[in-house]
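Single-structure report; data block below.
Proteins come first, then strands; the chains are lettered A, B, ... in the order of their sequence lines, and each starts at number 1.
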There are 2 protein chains.
Amino acid sequence: MSKTILVVDDEERLVSLVKTYLEREGFRVATAKNGRQALFIAREQKPDLIILDLMMPEMDGYEFMRVHRKERETPIIMLTAKIEDGDKVLGLELGADDYVAKPFSPRELMARVRAVLRRTGQSAPQGEMLRVGEVVLDRGLHSVKVSGSLIDLTPSEFDLLAVLMASPGRAYSRYDLLDQIQGAVYEGYERTIDVHIKNLRKKIEADPRKPRYIETVYGVGYRFAPE
Amino acid sequence: MSKTILVVDDEERLVSLVKTYLEREGFRVATAKNGRQALFIAREQKPDLIILDLMMPEMDGYEFMRVHRKERETPIIMLTAKIEDGDKVLGLELGADDYVAKPFSPRELMARVRAVLRRTGQSAPQGEMLRVGEVVLDRGLHSVKVSGSLIDLTPSEFDLLAVLMASPGRAYSRYDLLDQIQGAVYEGYERTIDVHIKNLRKKIEADPRKPRYIETVYGVGYRFAPE
DNA sequence: GCGATGTATGAAGGGATTGTGAAGATGAAA
DNA sequence: TTTCATCTTCACAATCCCTTCATACATCGC
């Protein structure tokens, strides 16, 4: 039974970005454009956590919190462009559990979501397990096992593997992969992916020279071998 | 139900090149020569994504974005000759989702289109599967199966096969094929196609001497056998 | 059949793509 | 601050592809 998270922001692009990331972590996601909508959805779906922008038309984040807090204790993470102390204090007084300043990295937001859920006594979702051949990746536990033994991966390596394993057989371009692990606007050098792949292979392949799982698709990118 | 993409640029050759590639991926494509036209078409067709040149007569890309953003949230990929930070920042502030510096490879642009669509929550077009007889080509997965087993193809071979399979029974000249796999600028030797065909046959035909799928049309070129 | 033209194929050079180790940059924790 | 792990970049090596060419084979018209 996966947790539901309500994302409230008037910027559609930001909402869908956050939604993508949350879903990849195994959460169900509801969205709203303003406080009024959010209130309606919160009553109906009873989310386990709310990610809330402060600046919105119709009914802003403060107003929403004031009303919502009278009804439920749902943990709330505030998003704010202003990083002024005043905002922070006011938000925390109203009952926010954490706040994240824009612009933020998706990875940071995910970390805070997990932290808040843990702190408020709810467990992270038991991430659906991805299993291909002898490789088992557990999103919730954030762990990877190969042939039964636990493997240590860096955050980038884990994300990369999770993306590849989510669609075995599908070839991803370096750009796609960079986009998925960095989020938002691509800034870097595509070849960075090569290095992550090399390190991943060293950790999960029996013979990194002849990879059985992470295959190279010449001229395209990489893919996880379908069974 | 395929996605519509609006391509806006005053260079006709570039527009038709991009159009070709997008259509091959299964998108519907609308085009415009300047911001004014683009605005009109955007209102009428409501595209799912816009690929926008910055430098144009009549109404440039910045101006277009300013006006368009007030009406819709359509994701936008900017094309720009200048890779100056100023441009990038301004473009991103105005709401571009990504930017690509000219000159770019069609393949890179396609990757970004898919990435932006995914990021903004729209799915890429259903990698329309081409299936003829025992041969199955999946554009989304970038994979080819013959009688159930996965076949490794080089980029040229894959493109070639995709073109042929898109219209079984239709004979293409070597010139046509070269044009499709090299992207517009035809410079090469038509016989190169013969070699790619030979290699393709070796990979997908049971008996390359008596091809069942890729037939030679004497004096014309090649075609994929209709069922 | 015969020549002329078109196609098939193997091999090789050059070019493009990918693999890899190491150094520098970044950022978090102590 | 220093330390440490990670991420990124870079240079060079290894590998794979594309193109070209030479030669063999097939098809056509006469």
Side-chain angles (χ1 to χ4, degrees), chain A residues 101 104-108 110-112 115 142 151-161 171-175 177-205 207-211 213-223, chain B residues 103 105-108 111 142 151-161 171-175 177-183 185-205 207-223:
Chain A
F104 54 85
S105 76
R107 195 175 283 157
E108 180 189 359
M110 291 309 109
R112 303 225 181 184
H142 213 269
I151 306 287
D152 262 331
L153 296 183
T154 70
S156 293
E157 288 160 9
F158 185 85
D159 288 349
L160 202 48
L161 188 59
Y172 290 91
S173 71
R174 289 175 174 70
Y175 177 78
L177 297 171
L178 207 47
D179 184 70
Q180 301 238 25
I181 68 173
Q182 294 197 336
V185 178
Y186 161 68
E187 279 277 346
Y189 181 45
E190 300 200 348
R191 299 298 306 279
T192 297
I193 294 298
D194 295 29
V195 180
H196 287 310
I197 292 286
K198 179 193 66 170
N199 296 329
L200 250 181
R201 282 175 171 160
K202 205 183 309 186
K203 293 180 179 177
I204 72 172
E205 298 281 2
D207 179 1
R209 307 269 172 167
K210 296 192 169 32
Y213 297 115
I214 303 176
E215 301 179 340
T216 301
V217 184
Y218 190 94
V220 179
Y222 298 97
R223 76 173 165 218
Chain B
S105 76
R107 208 167 267 152
E108 180 189 0
H142 205 274
I151 305 289
D152 266 330
L153 298 183
T154 70
S156 294
E157 288 160 8
F158 187 87
D159 289 348
L160 203 48
L161 187 59
Y172 290 89
S173 72
R174 289 175 175 70
Y175 180 86
L177 296 172
L178 205 48
D179 189 60
Q180 298 259 2
I181 70 172
Q182 293 200 335
V185 198
Y186 164 71
E187 283 190 354
Y189 181 46
E190 299 199 350
R191 291 283 151 210
T192 298
I193 294 298
D194 295 28
V195 180
H196 288 310
I197 293 286
K198 178 195 66 174
N199 295 329
L200 249 182
R201 281 175 171 159
K202 203 183 313 185
K203 292 180 179 178
I204 72 172
E205 299 282 2
D207 179 2
R209 307 270 170 167
K210 296 192 169 32
R212 181 187 149 204
Y213 297 115
I214 303 177
E215 301 178 338
T216 301
V217 184
Y218 190 92
V220 180
Y222 299 96
R223 76 169 170 215

*Partners of B/Arg191 by salt bridge (Lys or Arg N to Asp or Glu O under 4.0 Å), sequence neighbours excluded?*
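Partners of B/Arg191 by the salt bridge (Lys or Arg N to Asp or Glu O under 4.0 Å) criterion, ordered by chain and then number, come out as B/Asp194.
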
_Can you list everything that forms a salt bridge (Lys or Arg N to Asp or Glu O under 4.0 Å) with B/Lys198? Sequence neighbours excluded, please._
none

*Between CD1 of B/Ile204 and CG of B/Asn199, what distance do you get to the nearest 0.5 Å?*
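Taking CD1 in B/Ile204 and CG in B/Asn199, the distance rounds to 11.5 Å.
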
*asked:* Nearest 0.5 angstrom please: B/Ile193 CD1 to B/Ile181 CD1, how far?
replied: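 Answer rounded to 0.5 Å: 4.0 Å.
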
Can you check the [X] [atom1] to [N] [atom2] distance for me, whole Å?
| X | N | atom1 | atom2 | answer |
| --- | --- | --- | --- | --- |
| A/Glu190 | D/dC7 | CD | P | 18 Å |
| A/Glu157 | D/dT6 | CD | C1' | 9 Å |
| A/Leu200 | C/dT20 | CG | P | 13 Å |
| A/Arg223 | C/dT18 | CZ | C1' | 15 Å |
| B/Phe158 | D/dC17 | CZ | C1' | 17 Å |
| A/Tyr189 | C/dT18 | OH | P | 11 Å |
| B/Lys210 | D/dC25 | NZ | P | 14 Å |
| A/Leu177 | D/dC7 | CG | C1' | 16 Å |

*A/Lys202 (side chain) donor-acceptor with A/Pro208 (main chain) under 3.5 angstrom*: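 Checking the backbone N and O of A/Pro208 against the side chain of A/Lys202, no donor-acceptor pair under 3.5 Å is found.
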
*Would you check if the side chain of A/Arg201 reaches a backbone N or O of A/Ile214 as a donor-acceptor pair within less than 3.5 Å?*
yes

*Would you please name every residue forming a ring pair (Phe, Tyr, Trp, His ring centres under 6.0 Å) with B/Phe158, sequence neighbours left out?*
B/His142

*Sequence neighbours left out, what passes ring pair (Phe, Tyr, Trp, His ring centres under 6.0 Å) with A/Tyr213? Give chain and number order.*
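With neighbours one apart ignored, the set is A/Phe224.
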
*If you look at every strand shown and take non-hydrogen atoms under 4.0 Å, does B/Thr154 touch a base, only sugar-phosphate, or nothing?*
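Sugar-phosphate contact only - B/Thr154 comes under 4.0 Å of backbone atoms but never of a base.
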
*Hey, does the side chain of B/His196 come within less than 4.0 Å of D/dT19's phosphate (OP1/OP2), counting only N and O?*
yes

*Do B/Leu200 and B/His196 come close enough that some side-chain heavy atom pair is under 4.5 Å?*
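B/Leu200 vs B/His196: side chains apart.
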
*Angle, rounded to 10°, between the helical axes spanning five pairs at each terminus of the helix from C/dG1-D/dC30 to C/dA30-D/dT1?*
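Helix axis angle between the two ends: 40°.
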
_How would you summarise protein contacts on nucleotides 5-12 of chain C per nucleotide, using B for base, S for sugar-phosphate only and - for none, with heavy-atom distances below 4.0 Å?_
BSBSBB--

